[in-house]
*Asks:* 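I am attaching a structure below and will ask some questions about it afterwards.
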Amino acid sequence: MLKNKKICVVLPAYNAAETLEKTYKEIPFDIVDEVVLVDDHSSDATTRIGEQLGIRHIIRHDKNKGYGGNQKTCYQTALSLGADIVVMLHPDYQYDPRLIESMCYLIANGVYPVVLGSRILGKGALNGGMPRYKYFFNRCLTALQNFVMNQKLAEYHTGYRAFSKEVLENINFMADDDDFVFDNQMLAQIFYAGYEIAEITCPTKYFPEASSINFKRSCKYGFGVIHTSFCYRWQKWGIGKSKIFQIEN
């Protein structure tokens, strides 16, 4: 715990057998209370390795539900375990688990309800090996989103995030897409609900075993991001209605 807040780290996994152990062993267990591993029907030994590591909460989907679908299971499970702070960490060892304490500290002390580990603040992305075309489109999409949504984030596309329980309970993340645009829709929902988001500099690593989407899926993601941004703006102006901004009672 940190400041009497129960912390749960969720690991949305797909074919993460080669990197899961390295990721898990760098989690700061002096403050982390629970770890949830959700295996999205991997074809490798992800679940078996999780069991060998002693992860208590392991869920294996009987079919692949997609990146967003995986996270839905992650967050629902973390909330059911009574988590006050939930950290989403990719088990592909691309993000540094040692930042968990810093991210959770901001939430536990009531400074911010959401904290992102940003690859763009500083020079973490390019120094870590992010392909230059991905860096370019990351910057272009982020600039567009900041303009359309009237916000100011360094990037919207990081997969390293920490949330307070309140935020997860007050946005309708179950209405979001099951694919990669899920991450972006969540941030739009968080802003729409009036929450602030903090960012901290995060070093990152790109290597063959780290998860990455191909060019075709990157394009699909990009168009989804643009659509999400304009849905947010239209909803704010009252000239459109998107299900992702409707709160379930």
Side-chain angles (χ1 to χ4, degrees), residues 1-2 5-83 85-105 115-119 124-125 127-131 134 157-163 180 182-183 200-214:
M1 285 192 175
L2 187 64
K5 302 290 185 181
K6 184 174 183 178
I7 298 172
C8 179
V9 173
V10 297
L11 305 170
Y14 180 67
N15 290 340
E18 295 188 34
T19 55
L20 176 57
E21 183 175 357
K22 288 189 292 185
T23 304
Y24 181 78
K25 287 187 173 179
E26 289 190 10
I27 292 173
F29 286 103
D30 55 327
I31 64 163
V32 172
D33 302 281
E34 304 282 3
V35 174
V36 174
L37 172 67
V38 179
D39 182 351
D40 199 24
H41 201 67
S42 297
S43 59
D44 66 6
T46 294
T47 293
R48 178 171 58 81
I49 290 174
E51 292 170 344
Q52 291 173 351
L53 290 170
I55 299 176
R56 290 194 301 161
H57 307 288
I58 299 177
I59 299 169
R60 177 176 167 84
H61 289 161
D62 56 8
K63 64 178 181 179
N64 186 274
K65 295 187 177 182
Y67 175 67
N70 189 317
Q71 283 191 68
K72 291 175 184 179
T73 302
C74 285
Y75 299 138
Q76 286 182 311
T77 305
L79 291 173
S80 74
L81 293 172
I85 301 173
V86 181
V87 182
M88 193 266 282
L89 172 67
H90 289 183
D92 63 358
Y93 203 57
Q94 188 177 120
Y95 299 97
D96 195 328
R98 294 172 297 178
L99 288 176
I100 288 173
E101 185 170 6
S102 297
M103 296 169 74
C104 290
Y105 187 89
V115 182
L116 307 181
S118 172
R119 302 165 295 178
N127 287 346
M130 177 186 277
K134 287 194 174 183
H157 317 294
T158 175
Y160 199 4
R161 300 156 178 234
F163 308 94
F180 286 98
F182 175 92
D183 273 351
I200 64 172
T201 303
C202 175
T204 187
K205 299 175 282 289
Y206 284 82
F207 51 95
E209 293 79 22
S211 63
S212 184
I213 59 176
N214 59 35

*Asks:* Taking Ala17's backbone N and O only, do any of them form a donor-acceptor pair with Thr46's side chain (distance below 3.5 Å, no angle check)?
*Replies:* yes

*Asks:* Would you indicate whether the side-chain heavy atoms of Asn15 and Ser43 approach each other to under 4.5 Å?
*Replies:* yes

*Asks:* State which residue, out of Leu37, Val86, Thr23, Leu89, fulfils the side chain to side chain contact (heavy atoms under 4.5 Å, CB included) condition with Val9.
*Replies:*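 Answer to the side chain to side chain contact (heavy atoms under 4.5 Å, CB included) test with Val9 among Leu37, Val86, Thr23, Leu89: Leu89.
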
*Asks:* Contact between Val35 and Tyr24 at the side-chain level, heavy atoms closer than 4.5 Å - yes or no?
*Replies:* yes

*Asks:* Heavy-atom count around Lys5 NZ within 6.0 Å, excluding the residue itself: above 12?
*Replies:* no

*Asks:* Determine yes or no for a side-chain-to-main-chain donor-acceptor pair under 3.5 angstrom, with Asp40 supplying the side chain and Asn64 the backbone.
*Replies:*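 Between the backbone of Asn64 and the side chain of Asp40 there is no qualifying donor-acceptor contact (under 3.5 Å).
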
*Asks:* Using a 3.5 Å distance criterion without hydrogens, assess whether the side chain of Thr158 forms a donor-acceptor pair with backbone atoms of Gly117.
*Replies:*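 Present.
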
*Asks:* As a quick check of understanding, evaluate side-chain contact (heavy atoms from CB on, under 4.5 Å) for Val10 and Thr77, giving each step before the final call.
*Replies:* CA-CA 9 Å; Val10 297; Thr77 305; over 6 Å; no

*Asks:* Starting from the C-alpha separation in whole Å, work towards a yes-or-no answer on side-chain contact (heavy atoms from CB on, under 4.5 Å) for Arg119 and Gln94.
*Replies:* CA-CA 10 Å; Arg119 302 165 295 178; Gln94 188 177 120; 3.9 Å; yes

*Asks:* Tell me, yes or no, whether the heavy-atom count around Arg98 atom CZ, taken from other residues, nucleotides or ligands under 6.0 Å, exceeds 12.
*Replies:* no

*Asks:* Is there side-chain contact between Leu99 and Pro203, with at least one heavy-atom pair below 4.5 Å?
*Replies:* yes

*Asks:* Give the minimum heavy-atom separation between Asp96 and Cys202, together with the two atoms involved.
*Replies:*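 In this case the closest contact between Asp96 and Cys202 is N-SG, 4.3 Å.
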
*Asks:* Would you check if the side chain of Tyr95 reaches a backbone N or O of Gly159 as a donor-acceptor pair within less than 3.5 Å?
*Replies:*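 Here the side-chain-to-backbone pair exists.
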
*Asks:* Among all residues two or more places apart in sequence or in another chain, which pass the side-chain hydrogen bond (donor to acceptor under 3.5 Å, both in side chains) test with Asp183?
*Replies:* Tyr67, Gln71

*Asks:* Please find the pair of heavy atoms, one from Pro12 and one from His90, that lie closest to each other, and give the distance.
*Replies:* CG-CD2, 4.3 Å

*Asks:* Exactly one of Lys22, Glu26, Glu18 should register a side-chain hydrogen bond (donor to acceptor under 3.5 Å, both in side chains) with Tyr93. Which one does?
*Replies:* Glu26

*Asks:* Could you check whether Asp39 and Thr47, counting side-chain N and O atoms only, form a donor-acceptor pair closer than 3.5 Å?
*Replies:*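 Per modelled atom types, Thr47 and Asp39 side chains form a pair under 3.5 Å.
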
*Asks:* Could you give the distance from CD1 (Ile85) to CD1 (Ile31), rounded to the nearest 0.5 Å?
*Replies:*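 Going from the CD1 atom of Ile85 to the CD1 atom of Ile31 covers 8.0 Å.
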
*Asks:* For the backbone of Glu34 and the side chain of Lys6, can you confirm whether one donor and one acceptor N or O come within less than 3.5 Å of each other?
*Replies:*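 It does not hold such a pair.
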
*Asks:* Could you tell me the separation between the CD atom of Glu101 and the CG atom of Asp30, rounded to the nearest 0.5 Å?
*Replies:*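 Here the interatomic distance stands at 5.5 Å.
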
*Asks:* For a 4.5 angstrom cut-off between non-hydrogen side-chain atoms, does Pro97 reach Lys25?
*Replies:* no

*Asks:* Taking all non-hydrogen atoms of both residues, which atom of Pro91 and which atom of Thr19 are closest, and how far apart?
*Replies:* O-OG1, 2.7 Å

*Asks:* When rounded to the nearest 0.5 angstrom, what distance separates NZ in Lys65 from NZ in Lys72?
*Replies:*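 The NZ atom of Lys65 sits 9.5 Å away from the NZ atom of Lys72.
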
*Asks:* With rounding to the nearest 0.5 angstrom, report the CD1 to CD1 distance, Ile58 to Ile49.
*Replies:* 10.5 Å

*Asks:* Hey, does Tyr160 have a side-chain heavy atom less than 4.5 Å from the side chain of Ile100?
*Replies:*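 Yes, side chains in contact.
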
*Asks:* Check whether the side chains of Thr73 and His61 place a donor and an acceptor atom closer than 3.5 Å, and report yes or no.
*Replies:* yes

*Asks:* How long is the gap from CE on Met88 to SG on Cys8, to the nearest 0.5 Å?
*Replies:*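 That separation rounds to 13.0 Å.
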
*Asks:* Calculate, to the nearest 0.5 Å, the distance between atoms NE2 and OG belonging to His57 and Ser80 respectively.
*Replies:*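 His57 atom NE2 to Ser80 atom OG measures 8.5 Å (nearest 0.5 Å).
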
